[in-house]
Protein chains: 2
Amino acid sequence: MHPLRAYIHRFVPLTEAEWAPLAAGITPRTLRRKQNFVTQDQPALELALVVSGACRLLYTRPDGEERTTYFFFENHLMGSYQSCLTGQPSQFSIQALAPTELLTFPYALLRRLFDEFPVYERFGRLLAEYHLLGTDARLAELLLLSPEQRYQALLRSHKTKILERVPQQYVASYLGVTPVSLSRIRARVQAEDEGSR
Amino acid sequence: MHPLRAYIHRFVPLTEAEWAPLAAGITPRTLRRKQNFVTQDQPALELALVVSGACRLLYTRPDGEERTTYFFFENHLMGSYQSCLTGQPSQFSIQALAPTELLTFPYALLRRLFDEFPVYERFGRLLAEYHLLGTDARLAELLLLSPEQRYQALLRSHKTKILERVPQQYVASYLGVTPVSLSRIRARVQAEDEGSR
DNA sequence: GGAAAACGTTAACAAAAGCTAAGGAATTGG
DNA sequence: CCAATTCCTTAGCTTTTGTTAACGTTTTCC
């Protein structure tokens, strides 16, 4: 099955007649390392399914500092929800961490399908709800746990792909600490693990 | 117009025929100060519109410590999305900060309306999307700003209701710091403001 | 293959936050 | 209206994080 159709199928089933118009609007695209799919302060009216590779979502602060807040791997759908919904410039960038293959399509097409096919509207609801649960959990983790506890939670989570495939400085940002601090936390955790062995 | 109908109307218009079945399922309820609408570790299968009063969303940690992560005032819809969607026990409580009037209804009713009326499915999508934008912004703020900057951002935001109506210890939790630390931050910020006057 | 860039660790110091405790002000609720 | 509770601030001390910088390793990509 087409990768995007398979992605949608995890939420709702699509008939051929429902799938065809979306399929017609898809453009494949590749990104080199460090190339942007979304660029901060520019409108980003497309969504993309990652077919292979990896990307990070980052905010560039007024002082030039970058903060990475999210990662996307194979079979993740990504884009600037906020820019697509409001039409305003995106508040963040999405940048390839390695060579990446995408399937892109305009959000406007999806919006048209919301009107035309109830099944897409349902997909849209379930997708937003699914992301909301994830973001809420992330927010709770940031407010409930210390940096060290967040690192340990990541170690024990099902997101270890992040630790394996993402440079540590970006993981630090994702956990809400500086790279230096994460390095210290790791040394501390390792020492604790040695002790309890 | 009925307060709940008015709330929904900000997203989609409802005909009488669409509104009637939801209206039939509404139960008014009042909470005393410190009384729970949702209790952690128990299923919470109802949603509620706050008609008057105020509530906080809080997590109680294994060590007994509480962390407040959200507030609800008049015309806010609240509930445990996660518990409603999955049927699992809620991971947090929702507790009244002051005497509060609610209009409650079962999530199962809304789910039935999703199937029956496309307009409700659209409402569900828009509601989830709206909350997602808010949660994303909150997450970015936590990862991008220092505690002091977060306090200043709150001061300058359109959420000053929080500062006016919520005990400061809960605001501290919401900002991701201890009450003692927020008190120090306030002293610091005030000193800076005096200096620049 | 090799130069350049990116990356992780460590150290030393400064700044900020956490913790505990105590005192006094404000709010609540009968 | 008054007693009990809740709440905010301040202080002293400890722990953690941020910052800057230096060094060695790894990765990237001509």
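Lettering of chains follows the sequences in order, A, B, ..., and the numbering in each one begins at 1.
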Polar pair under 3.5 Å, donor/acceptor by atom type, side chain Arg184(B), base dG18(C): yes
With a 4.0 Å cut-off on heavy atoms, is Arg186(A) in touch with a base, just the backbone sugar-phosphate, or nothing at all? sugar-phosphate
Consider only side-chain N and O atoms of Glu46(A) and Thr104(A), and report whether a donor and an acceptor are under 3.5 Å apart. yes
Within the structure shown, what part of the strands sits under 4.0 Å from Pro147(A) by heavy-atom distance: base, sugar-phosphate, or nothing? sugar-phosphate
Evaluate the ring planes of Phe123(A) and Phe11(A), with Trp represented by its six-membered ring, and classify them as parallel (under 30°), tilted (30 to 60°) or perpendicular (over 60°). perpendicular
Using the side-chain heavy atoms of Arg33(A), tell me which of these nucleotides is nearest: dA17(C), dT17(D), dC7(C). dC7(C)
Under 4.0 Å between any heavy atoms, over every strand shown, what does Ser181(A) touch: base, sugar-phosphate, or nothing? Just pick one. sugar-phosphate
If you check every side-chain atom of Gln168(B), which of dT19(D), dT6(D), dC8(D) has the closest atom? dC8(D)
For the side chain of Ile185(B), starting at C-beta, report the closest nucleotide among dT9(C), dA17(C), dT10(D). dA17(C)
Under 4.0 Å, heavy atoms only, any strand: does Arg188(A) hit a base, just the sugar-phosphate, or nothing? sugar-phosphate
Side chain of Tyr170(A) only, please: which of dC7(C), dG18(D), dG18(C) is the nearest? dC7(C)
Do Gln95(A) and Arg33(A) have a side chain donor and acceptor closer than 3.5 Å? no
Flag yes if more than 12 heavy atoms outside His9(B) fall under 6.0 Å of its NE2 atom; otherwise flag no. no
Nearest to the side chain of Gln169(A), which nucleotide is it out of dA17(C), dC7(D), dG8(C)? dG8(C)
